[in-house]
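In what follows, chains are A, B, ... by sequence order, proteins preceding strands, each numbered from 1.
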Amino acid sequence: MGKKPRTAITPTREENFPEWYQQVIKAADMAENSPVRGCMIIKPYGFALWENMQGVFDGMIKEHGVQNAYFPLLIPLEFISREAEHVEGFAKECAVVTHHRLEQGADGKLQPAEAAKLEEPYVIRPTSETIIGDSMARWIQSYRDLPLKLNQWCNVMRWEMRTRMFLRTSEFLWQEGHNAFETAEEAREDSLKMLEAYRHFAEDYLALPVITGEKTEDERFPGAVATYTIEALMQDGKALQAGTSHDLGQNFSKSIGIKFQGRDGAEQLAHTTSWGISTRMIGGMIMVHGDDDGMIMPPKVAPHQVVILPMVMDDNEEQVMTYAQKAADALKEKGIRVLLDSREMRTSDKMWDAIKKGISVRVEIGGREAENGEVTSVRRDLGRESKSTEGLDAFLNRVELTLDQMQADMLQAAKAKRDDAIKDVSSLAELEAMFKDGHPGFVRIDAVVRNDSDYERVMKEYSLTPRCLPFDDAGKVLIAKAY
RNA sequence: CGGAGUGUAGCGCAGCCUGGUAGCGCAUCUGCUUUGGGAGCAGAGGGUCGCGGGUUCAAAUCCUGCCACUCCGACCA
């Protein structure tokens, strides 16, 4: 068999990172472009990943006392205009619904019916602060109604100029949490708590190392008092904002009227927060974990944690399949998400399919294994070097450990790469030289650099943005190119 | 919205400069042989060449208008 070392994905990351990214998504069968500009079709394998992510995070927020609810897709135009900065921030990317009926035009083609023009247009939600706030204003009467913590899993739409699958699409899936509190301290604390939930989720489930910090004023969410972020670093050296939480102070309460009677009997405005993560995180996982053979799924959220490939010959099909089924059942019994790949395909094709999809552990079962009660397994992140054969029971006993180890190793590897790509500099000139030299990654510098008269020029020239004021390095700012 | 590029079979591309029967690789289907890291041979199916005008006996090819997508910027999760 021809076995020249070939990568499953062309081009390689080195050759053309953006193209590699697209090809990984295609090869793993996660998503494809849609007939609608800027939107994507999430295919079953990609959606399975999202569902697992949802499942984990949904559990986490419920432990924080958050309740799920659902608010409408359409928002009255007037709602959006309530908060001044909010309008400013979103007006230019809102899709607007203006009619409620179609009719045949003179040319026989369907068109919006003039007679069915809406008096007040609706906006397709770019985010739901205003419409949820409207409900909160009615639901909250007394300090006894607080805190109120709501979340919804939904789609939102922002008319983006330039889209990229998962990273930036006009329509995307996310969760948006909206909490209301009695005091400013509680709201501030809450926004930091939700950020910590994001960090925990990203690092301990997606194996994405992130830096937590606060956004600078210019990067703040429209209408927020403070915006907090988790920033991840992709393999090409660009940063990705993977989740944000906002302390909205009383800005939205004031403009929407979320008032309550306080303990002293006086009327007060609630303090609110909002926080969200989206399908964008999937893009981050691809760009942090993927290699030149495709996706690598962190075991904790992998759609399939183990794939079993039966190596069937003409004379042993029944024996091998029976044994493979037994192994699959035993794994399922342990709560492992296992896929027995019994499709009628060449085994080598199934193998590459499993590799490109990034299935965490691959198990090969052929005549030898069936005969001896063994399994042969390989970890996706380590490749064929990690191939080993052992008794089925021994494998079953350690499989959870193996998955945990892989999860930990993936985070560790990503962290090492990330830390390597953070450079400290002490002047703007040094920073400029760094990026002029093509530095891939973060540069850490005294936050006062932002007062430098030449700061704007340098940032613009190298398309840099301040990613955050990291909590772990007071007085510093992290600067990088970003998605 | 600027700059660049690409639209030809499911996917990736050649053909265009110099107009003349629409091709290649992979995938698909059939048969046989194979089978532990991308199998071999033989055969088969599959196309309004992005869309509309124009030039011409003749257009994937030349002219022209439009559309879509991708990349790089500006904007943003």
More than 12 heavy atoms from other groups under 6.0 Å of CD on A:E88: no

Once you round it to whole Å, what is the distance between P of B:U28 and CG of A:D349? 7 Å

Establish, with yes or no, whether the OP1 or OP2 oxygen of B:C71 is under 4.0 angstrom from a side-chain nitrogen or oxygen of A:Q22. yes

With distance as the sole criterion, is a donor-acceptor pair present between the side chains of A:T465 and A:E219 under 3.5 Å? no

At under 4.0 Å between heavy atoms, what does A:F221 touch on the DNA or RNA strands: base, sugar-phosphate, or nothing? nothing

Write down the distance separating the P atoms in B:A60 and B:A9, rounded off to the nearest Å. 14 Å

How long is the line joining CD of A:E369 and C1' of B:G36, in whole Å? 8 Å

Between B:C17 and B:G53 - C1' atom distance, rounded Å: 24 Å

Identify whether any heavy atom of A:L167 sits under 4.0 Å from a base atom; if not, whether one sits that close to sugar-phosphate; answer base, sugar-phosphate or nothing. base

Whole angstroms only, please: what is the CH2-P distance between A:W20 and B:U70? 18 Å

Winner on side-chain proximity to A:K26, out of B:G12, B:C75, B:G36, is B:G12

For A:I277, answer base if it contacts any base atom (sugar-phosphate contacts may also be present), sugar-phosphate if it contacts only those atoms, and nothing otherwise; contact means non-hydrogen atoms under 4.0 Å. nothing

Distance in angstrom units between A:R346 CZ and B:G40 P, rounded: 8 Å

Apply the salt bridge (Lys or Arg N to Asp or Glu O under 4.0 Å) test between A:R380 and each candidate in A:D293, A:D409, A:D291; give the one that qualifies. A:D291

Considering all heavy atoms, the nearest A:W20-A:P11 contact: CD1-O, 3.5 Å

Is B:C11 paired to anything, Watson-Crick or G-U wobble with both distances less than 3.5 Å, and if yes, which nucleotide? B:G25

With a 4.0 Å cutoff (strictly under), does any side-chain N or O of A:K356 reach OP1 or OP2 of B:G38? no

Got a donor-acceptor pair under 3.5 Å from the side chain of A:R362 to the base of B:G37? yes

Whole-Å distance, A:E88 CD to B:C75 C1', equals 13 Å

Complementary nucleotide of B:A58, counting Watson-Crick and G-U pairs under 3.5 Å: none

Watson-Crick or G-U wobble partner for B:U30, using a 3.5 Å limit on both distances? B:A42

Centre-to-centre under 6.0 Å for A:Y21 and A:Y483, is that the case here? no

Run the numbers on A:S274 and A:H178 for side chain to side chain donor-acceptor pair (under 3.5 Å), then give the verdict. CA-CA 4 Å; A:S274 70; A:H178 301 268; 4.7 Å; no

Please check the phosphate of B:A39 (OP1 and OP2 only) for any side-chain N or O of A:S348 closer than 4.0 Å. yes

Are any of A:N33's side-chain N or O atoms less than 4.0 Å away from OP1 or OP2 of B:U70? yes

On RNA chain B, does the nearest nucleotide to A:K238 precede the nearest nucleotide to A:A482 from the 5' side, or the other way round? Give the residue. A:K238

Figure out the CD/P separation between A:E32 and B:C11, and round it to whole Å. 10 Å

Relative to the 5' end of RNA chain B, which residue comes earlier, A:E19 or A:I9, by the nucleotide with the nearest heavy atom? A:I9

With rounding to the closest Å, how many angstrom separate the P atoms on B:G52 and B:C67? 15 Å

Which of the following nucleotides, B:C75, B:G36, B:C71, is nearest to the side chain of A:M311? B:G36

Pairing check on B:C51: which nucleotide meets the Watson-Crick or G-U wobble criteria with it, both distances under 3.5 Å? B:G65

What is the nucleic acid contact for A:G367, judged by heavy atoms within less than 4.0 Å: base, sugar-phosphate only, or nothing? base

Please work out if A:S170 contacts a base, only the sugar-phosphate, or nothing of the nucleic acid, heavy-atom cut-off 4.0 Å. nothing

Looking only at atom P, what distance separates B:U64 and B:A22, rounded to whole Å? 26 Å

Counting any heavy atom closer than 4.0 Å, what does A:R164 reach on the DNA or RNA strands: base, sugar-phosphate only, or nothing? sugar-phosphate

So what does A:T229 hit on the nucleic acid, given a heavy-atom distance under 4.0 Å: a base, only sugar-phosphate, or nothing? nothing

Tell me the interatomic distance from A:N316, atom CG, to B:G36, atom P, rounded to whole angstroms. 12 Å

Any strand counts, and the cut-off is 3.5 Å on both contacts for Watson-Crick or G-U wobble. Which nucleotide pairs with B:G19? none

Would you confirm whether A:S245, through its side chain, and A:S191, through its main-chain N or O, come within 3.5 Å as a donor-acceptor pair? yes

Under 4.0 angstrom, heavy atoms only, what part of the nucleic acid is A:Q175 near: base, sugar-phosphate, or nothing? nothing

Answer with base, sugar-phosphate or nothing: what part of the nucleic acid does A:E364 contact at a heavy-atom distance below 4.0 Å? base

Taking the P atom of each, how far is B:G10 from B:U48, in whole Å? 8 Å

Can you confirm whether the side chains of A:Y228 and A:R188 place a donor and an acceptor under 3.5 Å from each other? yes

Mind checking who B:G2 pairs with, Watson-Crick or G-U wobble, both distances under 3.5 Å? B:C72

What integer distance in Å separates A:Q23:CD from B:U70:C1'? 11 Å

Please give the distance between the C1' atoms of B:G19 and B:C62 as a whole number of Å. 8 Å

Using the C1' atom on both, measure B:G5 against B:C13 and round to a whole Å. 16 Å

I'd like the C1' distance from B:U61 over to B:G2, given in whole Å. 30 Å

